[in-house]
Peer 1: 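Take this structure, written in structure tokens, and hold onto it; I'll ask about it next.
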Amino acid sequence: MSEIVVDYREQSSELPRILGELGVKISFKQLLVGDYIISEDLAIERKTVHDFISSLFDGRLFRQAESLSNHYKTPIILIEGDMSIMSQILNNPKVYYGALSSLIINFNVKTAFVPTVDESAIFIERLAFNLKKGQKPK
């Protein structure tokens, strides 16, 4: 069984409960960086599509990315929701794609996209499983 440290502010989310149903042991703590700590090297900052956009415009996104990449070898930003609404929210798609490319190039942050909280749970559980297994697929 995998164990994941989850920021206490995520307690009201469905995600920790769903992770528990998938067999993941959860412990809640106040985290200074990230929302889900999978290992000493891997952390996830979870964002909804709307939170991703608002954090881009208020400057939080790049501060969080910098902090993640300074503390973890494998920083991930998990974006949850319907990505097709991006064109409805933003007038210029270059803003969105520019932010994604900056996360990758300037902060070495990986991005992952999932449509629902259930799939966020599956993604996180599989990360923990594969990390614990420690083998590369053949």
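For clarity, every value in this text was computed on a predicted model and none was experimentally measured.
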Peer 1: Where do Pro75 and Ser69 come nearest, in terms of heavy atoms and distance?
Peer 2: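 The pair with the smallest heavy-atom distance is CG-CA, 3.9 Å.
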Peer 1: I'd like to check the ring pair (Phe, Tyr, Trp, His ring centres under 6.0 Å) partners of Phe107; sequence neighbours left out, ordered by chain and number.
Peer 2: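 If we apply the ring pair (Phe, Tyr, Trp, His ring centres under 6.0 Å) test to Phe107, skipping adjacent residues, the hits are Phe62.
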Peer 1: How many angstroms lie between CG in Asn130 and CD in Glu125, if you round to the nearest 0.5 Å?
Peer 2: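 Between atom CG of Asn130 and atom CD of Glu125 there are 8.5 Å.
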Peer 1: Drop me the distance from Ile76's CD1 to Thr111's OG1, to the nearest 0.5 angstrom.
Peer 2: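 Going from CD1 on Ile76 over to OG1 on Thr111, the span is 9.5 Å.
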Peer 1: Please list all pairs passing the salt bridge (Lys or Arg N to Asp or Glu O under 4.0 Å) test where one or both residues lie in residues 60-72, with sequence neighbours left out.
Peer 2: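 Sorted pair list: Asp51-Arg60, Asp58-Arg60.
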Peer 1: Can you see which heavy atom on Val6 is nearest to which on Pro16, and at what distance?
Peer 2: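 What the structure gives for the nearest pair is CG1-CG, 4.2 Å.
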Peer 1: Give, for atom OG1 of Thr74 and atom CD1 of Ile44, the distance between the pair rounded to the nearest 0.5 Å.
Peer 2: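 If we round to the nearest 0.5 Å, Thr74:OG1 and Ile44:CD1 are 10.5 Å apart.
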Peer 1: Under 3.5 Å, which donor-acceptor pairs link side chains of residues 26-38 to any protein atom two or more places apart or in another chain?
Peer 2:
from, atom 1, to, atom 2, distance (Å)
Asp35, OD2, Arg46, N, 2.9
Tyr36, OH, Glu10, OE1, 2.6

Peer 1: Partners of Asn108 by side-chain hydrogen bond (donor to acceptor under 3.5 Å, both in side chains), sequence neighbours excluded?
Peer 2: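 By the side-chain hydrogen bond (donor to acceptor under 3.5 Å, both in side chains) rule, Asn108 matches no residue at all.
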Peer 1: State, to 0.1 Å, how close Ser120 and Leu78 come at their nearest heavy-atom pair, and which atoms those are.
Peer 2: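 Scanning both residues completely, I find the closest heavy atoms to be OG-CD2, 3.8 Å.
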Peer 1: Listed by chain and number, what are the side-chain hydrogen bond (donor to acceptor under 3.5 Å, both in side chains) partners of Glu119, not counting sequence neighbours?
Peer 2: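 By the side-chain hydrogen bond (donor to acceptor under 3.5 Å, both in side chains) rule, Glu119 matches no residue at all.
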Peer 1: Could you work out, with side chain to side chain contact (heavy atoms under 4.5 Å, CB included) as the rule, every residue matching Ile89, not counting sequence neighbours?
Peer 2: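 Checked Ile89 against side chain to side chain contact (heavy atoms under 4.5 Å, CB included); matches are Val49, His50, Ile53, Ile85.
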Peer 1: Look up atom CD in Glu80 and atom CZ in Phe113, then write down how far apart they are to the nearest 0.5 Å.
Peer 2: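 Separation between the atoms: 13.0 Å.
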Peer 1: Same cluster or not: are Tyr97 and Phe57 linked, directly or through other Ile, Leu, Val, Met, Phe, Trp or Tyr residues, by side-chain heavy atoms under 4.5 angstrom apart?
Peer 2: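 Yes, same cluster.
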Peer 1: Of all heavy-atom pairs between Val109 and Ala65, which one has the smallest distance, and what is that distance?
Peer 2: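 Heavy atoms of Val109 and Ala65 come nearest at CG2-O, 3.8 Å.
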Peer 1: Are Tyr72 and Ile104 connected into the same hydrophobic cluster when the rule is that any two of I, L, V, M, F, W, Y join if their side-chain heavy atoms are below 4.5 Å apart?
Peer 2: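 In one cluster with Ile104: Tyr72, no.
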Peer 1: Which pairs, with at least one residue in residues 67-78 and sequence neighbours excluded, count as a salt bridge (Lys or Arg N to Asp or Glu O under 4.0 Å)?
Peer 2: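 Output for this query is empty, none listed.
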Peer 1: Quick one, Leu61 and Leu103 - any side-chain contact, counting heavy atoms below 4.5 Å?
Peer 2: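 Side-chain contact under 4.5 Å: yes.
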Peer 1: Mind checking what makes side-chain hydrogen bond (donor to acceptor under 3.5 Å, both in side chains) contact with Ser12, not counting sequence neighbours?
Peer 2: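 With neighbours one apart ignored, the set is empty.
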Peer 1: So, Asp118 versus Thr116: side-chain donor-acceptor pair below 3.5 Å or not?
Peer 2: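 No, Thr116 and Asp118 have no side-chain donor paired with an acceptor closer than 3.5 Å.
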Peer 1: Does any part of the side chain of Met83, heavy atoms only, come nearer than 4.5 Å to the side chain of Phe52, both counted from C-beta?
Peer 2: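 The answer is no, as the side chains (C-beta and beyond) never meet within the 4.5 Å cut-off.
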Peer 1: Taking the six-membered ring of Phe129, is the NZ or CZ of Arg126 close enough (under 6.0 Å from the centre) and on axis enough (within 45°)?
Peer 2: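 Relative to the ring axis of Phe129, which defines the angle, Arg126 lies inside both limits.
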Peer 1: Could you grab the distance from atom CD of Glu45 to atom CD1 of Ile77, nearest 0.5 Å is fine?
Peer 2: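 Between atom CD of Glu45 and atom CD1 of Ile77 there are 6.5 Å.
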Peer 1: Please name the pair of heavy atoms, one in Ala121 and one in Ile18, separated by the smallest distance, quoted to 0.1 Å.
Peer 2: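 Minimum heavy-atom separation between Ala121 and Ile18: CB-CG2, 3.3 Å.
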Peer 1: Apply side-chain hydrogen bond (donor to acceptor under 3.5 Å, both in side chains) to Ser102 and list each qualifying residue two or more places apart in sequence or on a separate chain.
Peer 2: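 So Ser102 forms a side-chain hydrogen bond (donor to acceptor under 3.5 Å, both in side chains) with Asn106.
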